[in-house]
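Everything below concerns the one structure shown next.
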Amino acid sequence: MTVYGLDVSTSKIAIGKILPDGFDVVELTAKSRSWESRFQQLYPKFFEYVSENIVADDLVVIEDVPLVQNRGALIKLTHITAMCKVVCIHHEIDCVPVNVKTWKRSVLGDGNADKDKIRVMAKQIFGDEILKLSQDAVDALCIAKWGDLRIRGDD
């Protein structure tokens, strides 16, 4: 079983994959200014990635939509998250949500870790290669790590 972590935004889906000897990260992006166009660009990219890379025995962990002040952003994030879940359901892949504070507490030891602390702790877990990655990719790997710890019973 391979564990994948998803960190979503309204223009990017960062996918972190835990491997026996390390990790892999892919970022699917949409550049359009229009929300509807970005959604239409992300859907086939994510569908294709799942079709070609993830199998029914794998686990996909997706960060729950955080509570944000902007109602429009909350609605858009909810749409992207739901789209990812539907693609997983279509492919009969288990997809479990995790709260941001939950994965931070389990993986980093601090449920309120900021971006800098996430990077420092992720470097300890994954090594120096993590420093080359975007914050979204680092978060996706930490989300995948939470799923990996959960599967192995270390959480």
Side-chain angles (χ1 to χ4, degrees), residues 1-31 38 41-68 73 76-89 91-155:
M1 169 187 288
T2 303
V3 180
Y4 294 81
L6 302 182
D7 183 66
V8 302
S9 73
T10 61
S11 61
K12 182 192 301 184
I13 301 170
I15 305 166
K17 176 180 175 180
I18 301 293
L19 301 168
D21 60 346
F23 62 85
D24 187 32
V25 177
V26 173
E27 292 181 315
L28 309 174
T29 59
K31 304 259 187 223
R38 289 195 311 269
Q41 291 168 5
L42 286 172
Y43 174 76
K45 289 179 181 185
F46 185 67
F47 192 96
E48 180 181 358
Y49 179 86
V50 171
S51 296
E52 294 178 358
N53 296 283
I54 305 177
V55 298
D57 290 340
D58 294 337
L59 174 66
V60 173
V61 180
I62 186 167
E63 184 179 74
D64 271 338
V65 177
L67 185 58
V68 294
K76 291 170 185 168
L77 284 170
T78 301
H79 279 82
I80 295 289
T81 301
M83 179 268 295
C84 291
K85 289 180 180 182
V86 168
V87 169
C88 289
I89 290 168
H91 289 90
E92 299 179 349
I93 297 164
D94 286 334
C95 180
V96 297
V98 63
N99 180 278
V100 63
K101 287 185 179 274
T102 300
W103 71 254
K104 285 181 178 182
R105 187 173 34 258
S106 294
V107 175
L108 309 173
D110 180 357
N112 295 313
D114 63 9
K115 294 177 189 304
D116 292 333
K117 187 165 187 179
I118 293 169
R119 280 204 174 271
V120 168
M121 297 304 293
K123 181 182 172 193
Q124 291 178 9
I125 297 166
F126 298 105
D128 290 340
E129 290 294 311
I130 204 86
L131 300 175
K132 299 175 187 174
L133 302 177
S134 72
Q135 187 64 47
D136 296 323
V138 172
D139 288 355
L141 278 174
C142 289
I143 294 164
K145 184 66 176 175
W146 177 85
D148 189 55
L149 292 169
R150 186 171 178 229
I151 293 298
R152 291 188 295 121
D154 294 346
D155 184 37

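Being a predicted model, the structure only gives us computed values, none of them experimental. Each residue takes its place number in the sequence, starting with 1.
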Is the closest side-chain heavy-atom distance between [X] and [Y] below 4.5 Å?
X	Y	answer
Ile62	Lys85	yes
Leu149	Trp103	no
Tyr49	Ile13	no
Ile125	Lys145	yes
Leu77	Thr10	yes
Val8	Met83	no

Taking all atoms of both residues into account, what is the closest heavy-atom pair of [X] and [Y], and its distance?
X	Y	result
Gln41	Ala30	OE1-CB, 3.1 Å
Leu108	Ala113	CD1-CB, 4.0 Å
Ala144	Ile18	CB-CG1, 3.6 Å
Cys88	Cys95	CB-CB, 3.8 Å
Val138	Ala122	CG1-CB, 3.7 Å

Sole candidate of Leu59, Val60, Ile89, Asp57 that passes side-chain contact (heavy atoms from CB on, under 4.5 Å) when paired with Asp94:
Leu59
So, applying side-chain contact (heavy atoms from CB on, under 4.5 Å) with Ile54, which one of Ile93, Val87, Thr2 is it?
Ile93
Is the side chain of Glu27 donor-acceptor paired with the backbone N or O of Lys12 at a distance under 3.5 Å, no angle test?
no
Please check if the side chain of Lys17 supplies one atom and the backbone of Asp24 the other of a donor-acceptor pair under 3.5 Å.
no
Measure the [atom1]-[atom2] distance between [X] and [Y] for me, rounded to the nearest 0.5 Å.
X	Y	atom1	atom2	result
Ser11	Leu42	OG	CG	7.5 Å
Phe47	Cys84	CZ	SG	12.5 Å
Thr81	Lys76	OG1	NZ	14.0 Å
Ile118	Asp110	CD1	CG	9.0 Å
Phe23	Asp148	CZ	CG	14.0 Å
Cys142	Glu63	SG	CD	10.5 Å

Does atom [atom1] of [X] have more than 12 heavy-atom neighbours, drawn from other residues, nucleotides or ligands, at distances under 6.0 Å?
X	atom1	value
Glu52	CD	yes
Glu129	CD	no
His91	NE2	yes
Lys45	NZ	yes

Distance-only donor-acceptor check, side chains Lys101 and Asn112, under 3.5 Å:
yes
Look at Lys123 together with Asp128 and state whether they make a salt bridge at an N to O cut-off of under 4.0 Å.
yes
What residues form a salt bridge (charged side-chain N to carboxylate O under 4.0 Å, His left out) with Asp58, not counting sequence neighbours?
none
